[in-house]
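Have a look at the structure below, then the notes.
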Amino acid sequence: GESVGLHLPTLSVQEGDNSIINCAYSNSASDYFIWYKQESGKGPQFIIDIRSNMDKRQGQRVTVLLNKTVKHLSLQIAATQPGDSAVYFCAEKSGFQKLVFGTGTRLLVSP
Amino acid sequence: DAGVIQSPRHEVTEMGQEVTLRCKPISGHDYLFWYRQTMMRGLELLIYFNNNVPIDDSGMPEDRFSAKMPNASFSTLKIQPSEPRDSAVYFCASSNRDGGYGYTFGSGTRLTVV
(Lines give C-alpha, C1' and ligand atoms only; values in the text may rest on other atoms or scores of the structure.)
Protein backbone atom coordinates (compact mmCIF):
# COMPACT_ATOMS: atom_id res chain seq x y z
CA GLY A 1 0.00 0.00 0.00
CA GLU A 2 0.97 3.61 -0.29
CA SER A 3 3.04 4.94 2.57
CA VAL A 4 1.95 8.09 4.33
CA GLY A 5 4.55 10.66 5.17
CA LEU A 6 4.70 12.69 8.32
CA HIS A 7 2.22 15.53 7.96
CA LEU A 8 3.72 18.79 9.12
CA PRO A 9 1.27 21.48 10.13
CA THR A 10 2.00 24.65 8.23
CA LEU A 11 1.65 28.25 9.33
CA SER A 12 1.64 30.84 6.57
CA VAL A 13 2.15 34.48 7.48
CA GLN A 14 2.96 37.75 5.79
CA GLU A 15 6.28 39.47 6.37
CA GLY A 16 6.01 41.79 9.33
CA ASP A 17 3.24 39.85 11.03
CA ASN A 18 3.71 38.16 14.37
CA SER A 19 3.80 34.34 14.30
CA ILE A 20 2.71 31.96 17.00
CA ILE A 21 3.72 28.32 16.81
CA ASN A 22 2.19 25.92 19.29
CA CYS A 23 3.32 22.65 20.77
CA ALA A 24 1.69 20.16 23.10
CA TYR A 25 4.18 18.15 25.11
CA SER A 26 3.57 14.76 26.58
CA ASN A 27 5.41 14.36 29.87
CA SER A 28 4.25 16.31 32.91
CA ALA A 29 7.61 15.55 34.55
CA SER A 30 9.61 17.34 31.83
CA ASP A 31 11.59 20.18 33.33
CA TYR A 32 13.29 21.77 30.36
CA PHE A 33 12.00 22.80 26.95
CA ILE A 34 13.66 24.07 23.82
CA TRP A 35 12.59 25.47 20.49
CA TYR A 36 14.68 24.59 17.47
CA LYS A 37 14.64 25.98 13.95
CA GLN A 38 15.57 23.79 11.02
CA GLU A 39 16.22 25.29 7.63
CA SER A 40 16.30 23.16 4.53
CA GLY A 41 19.47 21.08 4.30
CA LYS A 42 20.66 22.02 7.78
CA GLY A 43 20.58 20.60 11.25
CA PRO A 44 18.21 21.91 13.94
CA GLN A 45 19.44 25.15 15.45
CA PHE A 46 18.76 26.26 19.03
CA ILE A 47 16.45 29.29 19.30
CA ILE A 48 15.35 29.63 22.90
CA ASP A 49 14.80 27.50 25.96
CA ILE A 50 12.76 27.63 29.15
CA ARG A 51 12.81 25.73 32.40
CA SER A 52 9.71 24.46 34.12
CA ASN A 53 10.01 27.00 36.96
CA MET A 54 9.27 29.79 34.47
CA ASP A 55 6.24 30.55 32.35
CA LYS A 56 7.75 33.07 29.95
CA ARG A 57 11.13 33.85 28.50
CA GLN A 58 12.08 36.42 25.92
CA GLY A 59 14.87 36.57 23.43
CA GLN A 60 15.55 38.71 20.43
CA ARG A 61 12.24 38.84 18.53
CA VAL A 62 11.19 35.52 20.09
CA THR A 63 9.21 34.68 23.19
CA VAL A 64 8.48 31.27 24.62
CA LEU A 65 5.44 30.69 26.81
CA LEU A 66 4.98 27.61 28.98
CA ASN A 67 1.68 26.48 30.42
CA LYS A 68 2.35 23.46 32.59
CA THR A 69 -1.29 23.04 33.54
CA VAL A 70 -2.25 22.05 30.03
CA LYS A 71 1.23 20.95 28.93
CA HIS A 72 1.47 23.56 26.23
CA LEU A 73 4.40 25.46 24.82
CA SER A 74 4.33 28.27 22.31
CA LEU A 75 6.88 30.23 20.33
CA GLN A 76 6.07 33.78 19.34
CA ILE A 77 8.11 35.45 16.62
CA ALA A 78 7.69 39.20 16.33
CA ALA A 79 7.86 40.97 12.97
CA THR A 80 8.35 37.74 11.06
CA GLN A 81 10.86 37.89 8.22
CA PRO A 82 11.34 35.70 5.13
CA GLY A 83 14.49 34.33 6.77
CA ASP A 84 12.31 32.89 9.52
CA SER A 85 10.83 30.41 7.05
CA ALA A 86 11.79 26.98 8.36
CA VAL A 87 10.48 24.02 10.31
CA TYR A 88 10.23 24.67 14.04
CA PHE A 89 10.46 21.89 16.61
CA CYS A 90 9.70 21.94 20.28
CA ALA A 91 11.63 19.52 22.45
CA GLU A 92 11.16 18.43 26.04
CA LYS A 93 13.71 16.92 28.35
CA SER A 94 12.42 13.75 29.83
CA GLY A 95 14.88 12.07 32.10
CA PHE A 96 18.48 13.00 32.31
CA GLN A 97 19.95 14.55 29.18
CA LYS A 98 17.51 13.05 26.73
CA LEU A 99 15.51 15.45 24.58
CA VAL A 100 12.32 14.27 22.90
CA PHE A 101 11.34 16.20 19.79
CA GLY A 102 7.88 17.02 18.54
CA THR A 103 6.89 16.53 14.93
CA GLY A 104 7.48 20.13 13.90
CA THR A 105 5.60 23.01 12.31
CA ARG A 106 6.50 24.53 8.98
CA LEU A 107 6.50 28.33 8.93
CA LEU A 108 6.14 29.99 5.53
CA VAL A 109 6.71 33.72 5.37
CA SER A 110 5.54 35.60 2.30
CA PRO A 111 7.16 38.90 1.37
CA ASP B 1 34.60 26.63 17.62
CA ALA B 2 33.73 24.84 14.38
CA GLY B 3 30.66 23.24 15.89
CA VAL B 4 29.69 19.60 15.50
CA ILE B 5 31.32 18.20 12.39
CA GLN B 6 29.82 15.33 10.47
CA SER B 7 31.14 13.47 7.47
CA PRO B 8 30.35 12.72 4.79
CA ARG B 9 27.61 15.25 3.94
CA HIS B 10 26.12 12.89 1.39
CA GLU B 11 26.49 9.15 0.96
CA VAL B 12 25.00 7.00 -1.76
CA THR B 13 25.55 3.29 -1.45
CA GLU B 14 24.18 0.05 -2.74
CA MET B 15 22.01 -2.20 -0.67
CA GLY B 16 24.10 -4.66 1.31
CA GLN B 17 27.12 -2.41 1.62
CA GLU B 18 28.56 -1.20 4.89
CA VAL B 19 28.13 2.49 5.68
CA THR B 20 30.06 4.45 8.30
CA LEU B 21 29.01 7.90 9.40
CA ARG B 22 31.38 10.05 11.41
CA CYS B 23 31.01 12.77 13.99
CA LYS B 24 33.30 15.13 15.86
CA PRO B 25 31.52 16.76 18.80
CA ILE B 26 32.25 20.17 20.23
CA SER B 27 35.31 20.11 22.43
CA GLY B 28 34.33 19.91 26.09
CA HIS B 29 30.91 18.45 25.43
CA ASP B 30 30.57 15.15 27.21
CA TYR B 31 27.26 14.04 25.72
CA LEU B 32 26.92 12.86 22.14
CA PHE B 33 23.70 11.92 20.38
CA TRP B 34 22.86 10.25 17.09
CA TYR B 35 19.50 11.09 15.52
CA ARG B 36 17.82 9.95 12.34
CA GLN B 37 15.33 12.14 10.47
CA THR B 38 12.84 10.87 7.93
CA MET B 39 9.61 12.20 6.53
CA MET B 40 7.79 9.20 7.95
CA ARG B 41 9.05 9.36 11.54
CA GLY B 42 10.55 12.79 12.06
CA LEU B 43 13.56 13.08 14.38
CA GLU B 44 14.34 9.86 16.21
CA LEU B 45 17.02 9.43 18.87
CA LEU B 46 19.06 6.36 18.03
CA ILE B 47 21.69 6.32 20.78
CA TYR B 48 23.54 8.64 23.11
CA PHE B 49 26.84 8.58 24.93
CA ASN B 50 28.07 10.20 28.11
CA ASN B 51 31.83 10.41 28.60
CA ASN B 52 32.26 8.02 25.66
CA VAL B 53 30.03 5.36 27.25
CA PRO B 54 26.76 4.35 25.53
CA ILE B 55 23.92 5.20 27.90
CA ASP B 56 20.76 4.47 25.94
CA ASP B 57 20.66 2.59 22.65
CA SER B 58 16.97 1.73 22.77
CA GLY B 59 16.38 3.73 19.62
CA MET B 60 18.77 1.71 17.49
CA PRO B 61 16.45 0.03 15.01
CA GLU B 62 18.13 -3.35 14.78
CA ASP B 63 21.39 -5.23 14.99
CA ARG B 64 22.50 -3.87 11.65
CA PHE B 65 23.15 -0.56 13.40
CA SER B 66 26.07 -0.02 15.75
CA ALA B 67 27.71 3.05 17.24
CA LYS B 68 31.01 3.63 18.92
CA MET B 69 32.79 6.46 20.65
CA PRO B 70 36.43 5.49 21.05
CA ASN B 71 37.39 8.89 22.48
CA ALA B 72 35.89 12.23 23.45
CA SER B 73 36.39 13.75 20.00
CA PHE B 74 35.07 11.07 17.67
CA SER B 75 32.07 8.83 17.15
CA THR B 76 30.88 6.55 14.37
CA LEU B 77 27.53 5.15 13.40
CA LYS B 78 27.78 2.03 11.26
CA ILE B 79 25.12 0.24 9.26
CA GLN B 80 25.98 -3.22 8.02
CA PRO B 81 24.40 -4.37 5.77
CA SER B 82 22.56 -1.28 4.58
CA GLU B 83 19.01 -1.41 3.23
CA PRO B 84 16.95 1.08 1.21
CA ARG B 85 14.76 1.79 4.26
CA ASP B 86 17.83 3.16 6.03
CA SER B 87 17.78 6.13 3.67
CA ALA B 88 17.47 9.21 5.86
CA VAL B 89 19.39 12.18 7.19
CA TYR B 90 21.51 11.23 10.18
CA PHE B 91 22.38 13.93 12.67
CA CYS B 92 24.96 13.98 15.39
CA ALA B 93 24.57 16.40 18.29
CA SER B 94 26.59 17.16 21.39
CA SER B 95 25.88 18.79 24.72
CA ASN B 96 27.72 19.80 27.85
CA ARG B 97 27.08 18.35 31.28
CA ASP B 98 24.41 20.85 32.16
CA GLY B 99 22.79 20.86 28.76
CA GLY B 100 21.69 24.38 29.51
CA TYR B 101 21.68 25.32 25.88
CA GLY B 102 20.26 22.12 24.56
CA TYR B 103 22.08 20.24 21.93
CA THR B 104 24.25 21.56 19.14
CA PHE B 105 23.57 19.67 15.95
CA GLY B 106 25.84 18.96 13.05
CA SER B 107 24.77 19.55 9.47
CA GLY B 108 23.84 15.91 9.01
CA THR B 109 24.69 13.12 6.60
CA ARG B 110 22.13 12.41 3.91
CA LEU B 111 22.25 8.67 3.28
CA THR B 112 20.69 7.11 0.21
CA VAL B 113 20.71 3.34 -0.13
CA VAL B 114 19.80 2.13 -3.61
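Chain letters run A, B, ... following the sequence lines, proteins first, then strands; residues in each count from 1.
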Exercise. Determine whether more than 12 heavy atoms belonging to other residues, nucleotides or ligands lie under 6.0 Å from atom CE of B:M15.
Key: no

Quiz item: How long is the span from the CZ atom in A:F101 to the CD atom in B:Q37, to the nearest 0.5 Å?
Solution: 9.5 Å

Quiz item: Given B:Y35 and A:L99, is the side-chain contact (heavy atoms from CB on, under 4.5 Å) satisfied, shown in steps?
Solution: CA-CA 11 Å; B:Y35 279 85; A:L99 277 176; 4.0 Å; yes

Quiz item: Is A:L107 reachable from A:V87 through a run of hydrophobic residues whose side-chain heavy atoms are each under 4.5 Å from the next?
Solution: no

Exercise. Treating Ile, Leu, Val, Met, Phe, Trp and Tyr as nodes and any side-chain heavy-atom pair under 4.5 angstrom as an edge, say whether B:Y48 and B:Y90 lie in one connected cluster.
Key: no

Quiz item: If you check every heavy atom in residues 52-71 of chain B against those of chain A, which residues fall under 4.5 Å?
Solution: B:D56, B:S58

Self-check item: Linked, directly or transitively: B:V113 and B:I79 (ILVMFWY side chains, under 4.5 Å)
Solution: yes

Self-check item: Joint hydrophobic cluster, A:L75 plus A:I50, side-chain heavy atoms closer than 4.5 Å
Solution: yes

Quiz item: When you look at A:F46 and B:F105, which way does the ring-ring contact (aromatic ring centres under 6.0 Å, His included) test go after all the steps?
Solution: CA-CA 9 Å; A:F46 173 91; B:F105 281 80; over 10 Å; no

Quiz item: Which heavy atom in B:F91 sits nearest to a heavy atom in A:Q38, and how many Å separate them?
Solution: CZ-NE2, 3.4 Å

Practice problem: Starting at NZ of A:K93, measure out to OH of B:Y103 and round the result to the nearest 0.5 Å. | Solution: 8.0 Å

Quiz item: Contact part of B:R9 toward chain A, heavy-atom cut-off under 4.5 Å: side chain, backbone, both or neither?
Solution: side chain

Self-check item: A:Y32 reachable from A:V100 in the ILVMFWY side-chain graph, under 4.5 Å edges
Solution: no

